[in-house]
K.L.:
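What follows is a single structure, and I will ask about it in a moment.
Because only heavy atoms are used, hydrogens play no part in the values below, and waters and symmetry mates are left out as well, while side chains stay in.
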Amino acid sequence: MENILTGLGRIGRSGLGVPILLIALLSMMVLPMPPVLLDLFFTFNITLSLVVILAGVYAKKPLDFAVFPTILLLATLIRLALNVASTRVVLLDGHTGTGAAGNVIESFGNFVAGGNYTVGLVVFIVLVIINFIVVTKGAGRISEVSARFTLDAMPGKQMAIDADFNAGLLTQEEAKERREEIVREADFYGSMDGASKFVRGDAIAGILILVINIVGGLIIGVAQHDMAFSDAMHNYTLLTIGDGLVAQIPSLVLSTAAALMVTRVSSSQDMGAQILSQLFSDPRSLLIPGAVLGALGLIPGMPNMAFLGLAALCGLGAYYISKNKPAMSRETIAAPSVQSGTQELIPADGENTAGRALIESQEPKELSWDDVVPVDIIGLEVGYKLIPLVDKKQGGQLMHRIKGVRKKLTQELGFLIPSVHIRDNLELSPSSYRISVMGVIMGEVQIHVDRDMAINPGQVFGTIEGIPGKDPAFGLDAVWIDPAQKDQAQTLGYTVVDASTVVATHVSDILQKQAAQLLGREEVQLLLDNLSKTMPKLVEELPDIIPPTIILRVLQNLLNENIPIRDMRSIAETLAEQGAKGQDPAILTAAVRVALGRMIVQKINGIEQELPVIVLDPELEHILHDAIQTGGESGAGLEPGLAEKLQTSLMECTQRQEAEGKSAVLLVSAPLRPMLARFVRFAIQTLSVLSYNEIPDDKTVKVVASVGK
């Protein structure tokens, strides 16, 4: 068997498999075939149909079985070729008996039809009706509609991929793979629409072949072989019915496989797992039918055993589902703490049973607006195994670390970072934590509270045993090690931190990236109130020149581009000066950036006199200017292929600069800077985009690379 499979594999790899199959099909239609070969090929046809339907059942999405339309066509051709070959044998040798066309046809004629050709004829017609009118027609209609909708949605999907790629949300390989998947999906449903027509034609051909075989057999048997009409009717009809059934049953199986494929919804589960998880997810789906069956089983004259037996099975199934259904989550009781703007935890399964009993004993009260809980600006939820990190009584240092993070970011960014609300969450896995900003989850990570994290900074001099992991803040490879291995890991070049530091660093990274979301109108007013202590006249005149909402937008734009707003005096003076000319937040942001140019460059390059920069080729700059005029500052007019090439070139230049230990700066004209800053923000986070007028006069610019189209 292994040698046969190896030989078939070699034929398939050589590209001869399909030509050999086509030659075999033509041979079956032209050359006489002995009954033994007919038995073999009919058995192969049945096996092929079963293999195909099971492959469709276990496929997780339609594109996992994209070759299905081709297989459907080949299987249909095999059946038609077998029908031609068997028709020849039936008409030539049918007068000798019902075994003339082989054991398979005879068995189907006698077993399925019970040896009665009238019964066999009815069964055949029923199978054809089910196949042709129900399964094939429905599958064809679904394929047609799916193909139409997929083709209509292609331009929108392509534009969405291009937009994600231009924004840096996708890499070049990911974008290419998603585009190819869209094309494959459209091709698949289009092919299925065409393949279903072959199946319908096969069903019609089966009916015509049945009529032709019976009529032809009667003429040949009576006129040529001098058979009695009843004998001829018995032999040729049973042979024809057996031939039709042995072809129609695999045809029905393949039609069902086609219907399954076009009605599939992409999922991480196969079809069986999907049905079990969705159909029997609620015990009531079995409990109520069980009760109905039980009531019917108690009615006299009904098949009581059948109804009551099934009712008992439904009841047992409902009990099993309810027993294994995850328990309802319980709320966490948190007591506010005045330290570091956090909440100290009382675990829901802890010692506070008296407080819970008191709550439960109170009478229900009417809902009010006090029951609407405002969303936490910054939230940190921890699994119950991480509670020791935030519990000071157990030596937890996380609350102190987070207080330090807030203080550091407040000083760096220039406004007060809101309090971090910490609570336990029983829905999380025991060793996981979740960080949210404005109710939106920004990160969920599993850590090992009893271990230290050894982070690989890029170059280490050996390996260390432990649990592999990733630094959640920067994505570096890391290993969770025993605290006793700390010295060894540091000797090998690893950076070793404890679990509290891992969480605090992750919180710091997320808050820095989401700083613009943390700044609201209230914070802007507090910034202006603080500035009024030293510059009262400026703060008094500013609201008459520019509305607070515009000031907020400008400050958020600066924070989005990782620019601190500590120098509120320069920001306010620039807004007061430029606000009289116009109140476009993008233009005002550009003017403020120029005023803050010295601080921006120092933040990127320190106090170095020389600033290495990457520039664009003049021809490429001209193309980008045209793209802005066409699609606005979003760069929607930029051709996707050019955007992909530009991103690749900028990434290569950035990596070369970082390899030399230097900052990567892209220097462009002022109109291009906003578009290119958005373009590289997610894909190349370490690349800073500056305009020419943001460079201070006392800095020297050194061009280290030029990017062309």
Side-chain angles (χ1 to χ4, degrees), residues 168 408-415 457-459 473-476 495 505 508-509 511-513 515-516 554-555 557-571 573-574 589-618 620-621 624 646-708:
K408 177 176 177 291
L409 290 178
T410 296
Q411 293 173 346
E412 287 182 355
L413 298 177
F415 71 99
Q459 183 178 6
F474 306 107
L476 298 174
T495 301
T505 305
S508 175
D509 181 67
L511 296 186
Q512 199 158 11
K513 291 177 180 177
V554 172
L555 295 179
N557 289 344
L558 294 173
L559 291 171
N560 274 326
E561 295 181 359
N562 202 23
I563 298 174
I565 55 174
R566 295 194 308 267
D567 188 3
M568 275 302 296
R569 173 181 173 177
S570 299
I571 295 173
E573 287 180 341
T574 305
T589 302
V592 172
R593 284 182 59 93
V594 173
L596 301 177
R598 193 176 301 277
M599 181 191 68
I600 295 172
V601 172
Q602 180 174 311
K603 185 174 183 294
I604 296 171
N605 202 44
I607 60 174
E608 295 291 332
Q609 183 64 28
E610 187 176 73
L611 177 65
V613 299
I614 304 165
V615 298
L616 301 179
D617 182 83
L620 178 57
E621 277 208 350
L624 295 178
L646 175 60
Q647 180 177 328
T648 303
S649 300
L650 290 175
M651 191 173 295
E652 291 173 354
C653 294
T654 301
Q655 290 172 350
R656 284 198 299 268
Q657 285 294 98
E658 291 175 345
E660 296 175 5
K662 298 179 181 178
S663 301
V665 178
L666 176 62
L667 190 61
V668 297
S669 60
L672 291 180
R673 198 211 65 79
M675 180 193 77
L676 290 173
R678 282 191 293 269
F679 181 76
V680 305
R681 182 177 301 165
F682 298 103
I684 319 174
Q685 297 182 5
T686 55
L687 177 62
S688 301
V689 184
L690 302 180
S691 64
Y692 292 105
N693 52 355
E694 292 172 0
I695 307 298
D697 296 333
D698 58 348
K699 293 291 183 181
T700 303
V701 174
K702 178 184 178 182
V703 178
V704 295
S706 178
V707 176

K.L.:
Do you know which two heavy atoms are closest between Lys699 and Gly606, and how far apart they sit?
P.N.:
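Closest heavy-atom pair between Lys699 and Gly606: NZ-O, 4.0 Å.
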K.L.:
Is there a salt bridge (charged side-chain N to carboxylate O under 4.0 Å, His left out) between Arg673 and Glu561? Walk through the geometry before answering.
P.N.:
CA-CA 11 Å; Arg673 198 211 65 79; Glu561 295 181 359; 2.9 Å; yes
K.L.:
Heavy-atom distance under 4.5 Å between the side chains of Asn562 and Lys603, does that happen here?
P.N.:
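Yes, side chains in contact.
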K.L.:
So, for Ser691 and Ala670, which heavy atoms are closest and what is the spacing to 0.1 Å?
P.N.:
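Where Ser691 meets Ala670 most closely, the heavy atoms are CB-CA, 3.7 Å.
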K.L.:
Does the side chain of Met568 come within less than 4.5 Å of Ile571's, by heavy atoms?
P.N.:
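Heavy-atom side-chain distance check passes, below 4.5 Å.
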K.L.:
Within this structure, what is the CD-CG distance for the pair Gln647 and Leu687, rounded to the nearest 0.5 Å?
P.N.:
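Those atoms lie 11.0 Å apart.
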K.L.:
Please say which of Leu690, Val703, Val704 ends up in a side chain to side chain contact (heavy atoms under 4.5 Å, CB included) with Val613.
P.N.:
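So the option named by the test is Val703.
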K.L.:
Just verifying a value: how many Å separate Ile563 CD1 and Ile600 CD1, rounded to the nearest 0.5 Å?
P.N.:
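It is 3.5 Å, given to the nearest 0.5 Å.
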K.L.:
For residues Ala473 and Asp509, report the shortest heavy-atom separation together with the two atoms involved.
P.N.:
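What the structure gives for the nearest pair is O-OD2, 3.3 Å.
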K.L.:
With a 4.5 Å limit on heavy-atom distance, are the side chains of Leu624 and Leu676 in contact?
P.N.:
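Yes, close enough: below the 4.5 Å cut-off.
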K.L.:
Restricting to non-hydrogen atoms, name the atom on Leu616 and the atom on Ser706 that form the minimum distance, rounded to 0.1 Å.
P.N.:
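For Leu616 versus Ser706, the nearest heavy atoms are C-OG, 4.2 Å.
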K.L.:
Using every non-hydrogen atom in the two residues, find where Glu621 and Val668 come nearest and quote the distance to one decimal.
P.N.:
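For Glu621 versus Val668, the nearest heavy atoms are OE2-CA, 4.0 Å.
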K.L.:
Can you see which heavy atom on Arg566 is nearest to which on Met599, and at what distance?
P.N.:
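Looking at all heavy atoms of both residues, the shortest contact is NH2-SD, 4.2 Å.
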K.L.:
Could you check if a side-chain atom of Glu412 sits within less than 4.5 angstrom of a side-chain atom of Leu409, using non-hydrogen atoms only?
P.N.:
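SC-SC contact between Glu412 and Leu409 confirmed.
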K.L.:
Which distance, rounded to the nearest 0.5 Å, do you find between the CE of Met651 and the OG1 of Thr686?
P.N.:
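Here the rounded value is 9.0 Å.
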K.L.:
Once rounded to the nearest 0.5 Å, what's the spacing between atom CZ of Arg593 and atom CD of Glu694?
P.N.:
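The distance works out to 4.0 Å.
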K.L.:
For the residue pair Phe415 and Leu559, establish whether any side-chain heavy-atom pair is separated by less than 4.5 Å.
P.N.:
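Yes, their side chains come closer than 4.5 Å.
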K.L.:
Could you walk me through whether Glu660 and Arg656 pass salt bridge (charged side-chain N to carboxylate O under 4.0 Å, His left out), step by step?
P.N.:
CA-CA 6 Å; Glu660 296 175 5; Arg656 284 198 299 268; over 6 Å; no
K.L.:
With the side chain counted from C-beta on, respond yes when Thr505 and Phe474 share a heavy-atom pair under 4.5 Å apart, and no when they do not.
P.N.:
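A side-chain contact under 4.5 Å exists here.
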K.L.:
Side chains of Phe679 and Leu646: does their closest heavy-atom pair fall under 4.5 Å?
P.N.:
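Yes; the side chains approach each other to less than 4.5 Å.
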K.L.:
Please round to the nearest 0.5 Å and tell me the distance separating atom CZ of Arg678 and atom CG of Asn560.
P.N.:
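Reported to 0.5 Å precision, the distance equals 10.5 Å.
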K.L.:
Which one of Val601, Ile565, Thr574, Asp567 satisfies the side chain to side chain contact (heavy atoms under 4.5 Å, CB included) criterion with Leu596?
P.N.:
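When Val601, Ile565, Thr574, Asp567 are each tested with Leu596, the side chain to side chain contact (heavy atoms under 4.5 Å, CB included) holds only for Asp567.
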K.L.:
So does Asn605 get a backbone contact from the side chain of Lys662, meaning a donor-acceptor N/O pair under 3.5 Å?
P.N.:
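Not at all, since once roles are kept as given, no pair shorter than 3.5 Å links the two residues.
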K.L.:
Starting at CG of Leu620, measure out to CG of Leu672 and round the result to the nearest 0.5 Å.
P.N.:
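It comes to 8.5 Å.
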